[in-house]
Amino acid sequence: MAKQKPTIPKGTRDFSPEVMVKRNYIFDTIREVFQRYAYQPLETPSMENLSTLLGKYGEEGDKLLFRILNSGDYLAKVNEEDLRARDSQKLASVISEKGLRYDLTVPFARFVVQHRNEINFPFKRYQIQPVWRADKPQRGRYREFYQCDGDVIGTDSLLNEVELIQIMDDVFMKLGLNVSIKINNRKILKGLANYIQNPEKFMDLTMAIDKLDKIGHEKVKEELKQRGINTSAVEELDPFLNLEGKNYEKVEYLVNWLSDDEGSKGIGEIREILDYTGALELNNEVEFDPKLARGLDYYTGTIFEVKALDEDMGSICGGGRYDDLTGVFGLKDVSGVGISFGAERIYDVMEKLRRFPSKMLPAAKIMFVNFGREEAKHALKVLRELHEEGIKSEIYPDTAKMKKQMTYANNKGIEYVGLMGEDEISKQVITVKNMTTGEQKKMTLEELKELLAE
RNA sequence: GUGGAUGUAGCUCAGCUGGUUAGAGCGCUGGAUUGUGGUUCCAGAGGUCGUGGGUUCGAGUCCCAUCCUCCACCCCA
């Protein structure tokens with residue numbers, strides 16, 4: 001057999017122990033905060049039926065779904081004509097019935113509908129699991145990545161939005177990141193489309209405005225025209241595109257400028273949320289950004305986006321309210337709101353800004369040198385006592401050269417090395433070397449326990 | 001999905017307009033130091049130059065294809 005190079009699929013990664021402790025630090029922080037606000041844990045399968053996933057993320061999303069080939073003779077049900085016509089679109093749906101989950105929100109909606117009779121609404125859940133997208137990988141974009149979602153479903157109270165803002169604020173405070181929490185309301189964008197007499201161009205308007213940060217006013221206006229909005233209507237947007245100022249100033253301006261019913265409702269909701277959060281003395285700034293759009297088309301009310309202030313990494317957390325996510329699964333009029341932390345991007349930002357605590361790898365406090373069978377026996381007895389005290393400790397597994405064993409302890413960042421040879425065993429002491437200072441002295445087991453206790 | 005850049009030792013990279021046995025630093029192994037790591041000194045191992053074709057007397061270097069990674073667009077976390 002030819003030797004093969006070990007590789008992993010494009011866009012996937014191995015996570016070494018050094019990386020895992022940092023990733024877990026992020027996951028643990030997020031999990032702890034969600035639990036503090038009484039969100040309940042949920043997991044769903046990695047794969048869903050394609051009927052659950054298809055058509056939920058737009059045409060683009062369907063293309064990015066990883067499909068799972070049916071087991072067994074998957075060609076059995078294929079009709080000859082399609083096969084001969086090489087119609088891969090048509091064939092795909094016959095030979096594949098399952099796909100890997102694309103996000104956590106749609107499986108959550110499926111779960112809610114499927115278990116509606118067992119769920120006590122309003123239902124608050126958090127979910128930390130990987131998702132898969134057949135995207136072309138780049139920095140900060142992978143084919144397998146984790147999402148950390150929190151949603152509240154079965155209530156349209158804006159208190160949920162406020163709570164989610166607090167959660168985002170808590171998480172990023174704990175992680176030591178300065179962020180800006182941006183909020184907006186899709187109804188304002190709807191109102192805007194109505195205002196310029198192009199209600200059917202709502203999605204085009206949203207997608208163009210979403211690029212404002214990236215490409216600037218003029219290019220956005222160009223794009224709007226390209227998307228079929230006439231020049232005079234685009235010009236009418238000017239005061240909106242130029243809107244700056246403090247949160248309440250923007251709110252007041254829009255109240256007067258945008259008289260449309262839907263728009264007014266959106267502004268009212270923003271005002272209410274700001275009223276609540278303003279009284280909370282949050283650590284991070286909450287900014288009302290009427291130009292915030294977000295592409296996902298199931299959002300209907302509030303939308304959130306969090307950006308790191310000290311590093312340009314795109315959004316590291318986002319979310320919004322959806323009024324009818326469960327509708328496609330047959331459960332109407334259930335409103336929900338949720339957020340999703342982008343763990344991978346948060347990781348990259350924290351790595352860049354060096355915000356991870358140092359010494360994250362869980363190393364033993366003491367390692368015993370292995371001198372041979374008899375000595376190891378004694379070391380094991382000592383280790384047993386240390387383990388009972390909850391002291392992280394280990395013995396080098398092989399009777400290797402001292403140098404090798406010391407190097408291992410040093411590289412692993414172990415604080416102390418314990419030496420117990422014939423001499424120490426007969427005198428009932430342990431020679432303990434401090435790996436930082438290089439000092440070493442003999443001590444009893446009790447003294448060692450005391451030394452390692454703190 | 002469209003366009004562009006890249007790929008040389010475990011890691012980070014050098015290698016001029018094609019020319020003999022492909023280099024460095026770090027890391028690794030051994031020794032100086034047989035019960036002492038981190039510093040120092042000495043020695044050593046490790047590469048079918050991403051893969052497959054082609055041009056050439058000769059290819060790490062030029063051409064084509066393919067894969068990976070990166071960058072922009074699309075979209076997104």
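Here is the naming used below: chain letters follow the sequence lines, and residue numbers restart at 1 for every chain.
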Can a donor-acceptor pair be found between the side chains of [X] and [Y] at a distance below 3.5 Å?
| X | Y | result |
| --- | --- | --- |
| A:Thr300 | A:Asp323 | yes |
| A:Asp289 | A:Asn184 | no |
| A:Gln127 | A:Tyr39 | no |
| A:Asn185 | A:Glu269 | yes |
| A:Lys404 | A:Tyr408 | no |
| A:Asp170 | A:Tyr37 | yes |
| A:Thr444 | A:Glu446 | no |

Take A:Cys317 and A:Thr431, find for each the nucleotide of RNA chain B with the closest heavy atom, and name the residue whose nucleotide sits nearer the 5' end.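 Final value for this comparison: A:Thr431.
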
First encountered from the 5' end of RNA chain B, between A:Lys433 and A:Leu64: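 Looking at RNA chain B, the more 5' nearest nucleotide goes with A:Lys433.
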
Any residue meeting salt bridge (Lys or Arg N to Asp or Glu O under 4.0 Å) with A:Arg23, in chain and number order, not counting sequence neighbours: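 Testing A:Arg23 for salt bridge (Lys or Arg N to Asp or Glu O under 4.0 Å), a comparison that skips the adjacent residues, returns A:Glu344.
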
Could I get the full list of salt bridge (Lys or Arg N to Asp or Glu O under 4.0 Å) partners for A:Arg125, not counting sequence neighbours?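 Only A:Asp151 meet the salt bridge (Lys or Arg N to Asp or Glu O under 4.0 Å) criterion with A:Arg125.
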
Base-pairing assignment for [N] (Watson-Crick or G-U wobble, both under 3.5 Å):
| N | result |
| --- | --- |
| B:rU66 | B:rG50 |
| B:rA43 | B:rU29 |
| B:rG3 | B:rC71 |
| B:rG37 | none |
| B:rU21 | none |

Output the rounded distance in Å from [atom1] ([X]) to [atom2] ([N]).
| X | N | atom1 | atom2 | value |
| --- | --- | --- | --- | --- |
| A:Met168 | B:rA77 | CE | P | 14 Å |
| A:Asp210 | B:rA77 | CG | P | 10 Å |
| A:Lys219 | B:rC74 | NZ | C1' | 16 Å |
| A:Gln405 | B:rG37 | CD | P | 12 Å |
| A:Met420 | B:rG35 | CE | P | 17 Å |
| A:Lys403 | B:rG35 | NZ | C1' | 14 Å |
| A:Lys404 | B:rC28 | NZ | C1' | 10 Å |
| A:Lys56 | B:rC75 | NZ | C1' | 20 Å |

When the [atom1] atoms of [N] and [M] are considered, how many whole Å apart are they?
| N | M | atom1 | value |
| --- | --- | --- | --- |
| B:rA72 | B:rA65 | C1' | 24 Å |
| B:rU6 | B:rC63 | P | 11 Å |
| B:rC11 | B:rU69 | P | 15 Å |
| B:rG46 | B:rG4 | C1' | 35 Å |
| B:rC28 | B:rA9 | C1' | 11 Å |
| B:rG47 | B:rG23 | P | 14 Å |
| B:rG10 | B:rG54 | C1' | 33 Å |
| B:rC49 | B:rC74 | C1' | 36 Å |

Is there a donor on the side chain of A:Asn410 or the base of B:rG38 sitting less than 3.5 Å from an acceptor on the other?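 In this structure, the two groups form no donor-acceptor pair.
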
Reckon [X] touches a base, only the sugar-phosphate, or nothing at all at heavy-atom distances under 4.0 Å?
| X | value |
| --- | --- |
| A:Gly318 | nothing |
| A:Ser315 | sugar-phosphate |
| A:Glu375 | nothing |
| A:Gly61 | nothing |

With respect to the side chain of [X], which nucleotide from [options] is positioned closest?
| X | options | value |
| --- | --- | --- |
| A:Met435 | B:rG35, B:rG37, B:rU36 | B:rG37 |
| A:Arg227 | B:rU36, B:rA77, B:rC75 | B:rC75 |
| A:Gln147 | B:rG35, B:rG37, B:rA77 | B:rA77 |
| A:Glu60 | B:rG35, B:rC75, B:rG37 | B:rC75 |

Counting primed atoms plus P, OP1 and OP2 as sugar-phosphate and everything else as base, spell out the protein contacts along nucleotides 68-73 of chain B at 4.0 Å heavy-atom distance: B, S or - for each nucleotide, 5' to 3'. SS-SBB

Using a 5.5 Å cut-off between ring centres and planes within 30 degrees, is A:Phe145 stacked on the base of B:rA77?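 Answer is yes, a stack.
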
A:Leu42 vs A:Tyr126, side-chain contact (heavy atoms from CB on, under 4.5 Å): CA-CA, chis, key distance, verdict: CA-CA 6 Å; A:Leu42 177 74; A:Tyr126 71 91; over 6 Å; no

Between A:Lys401 and B:rG31, is there a contact of a side-chain N or O with OP1 or OP2 at under 4.0 Å?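 Looking at the OP1 and OP2 atoms of B:rG31, one of them is under 4.0 Å from a side-chain N or O of A:Lys401.
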
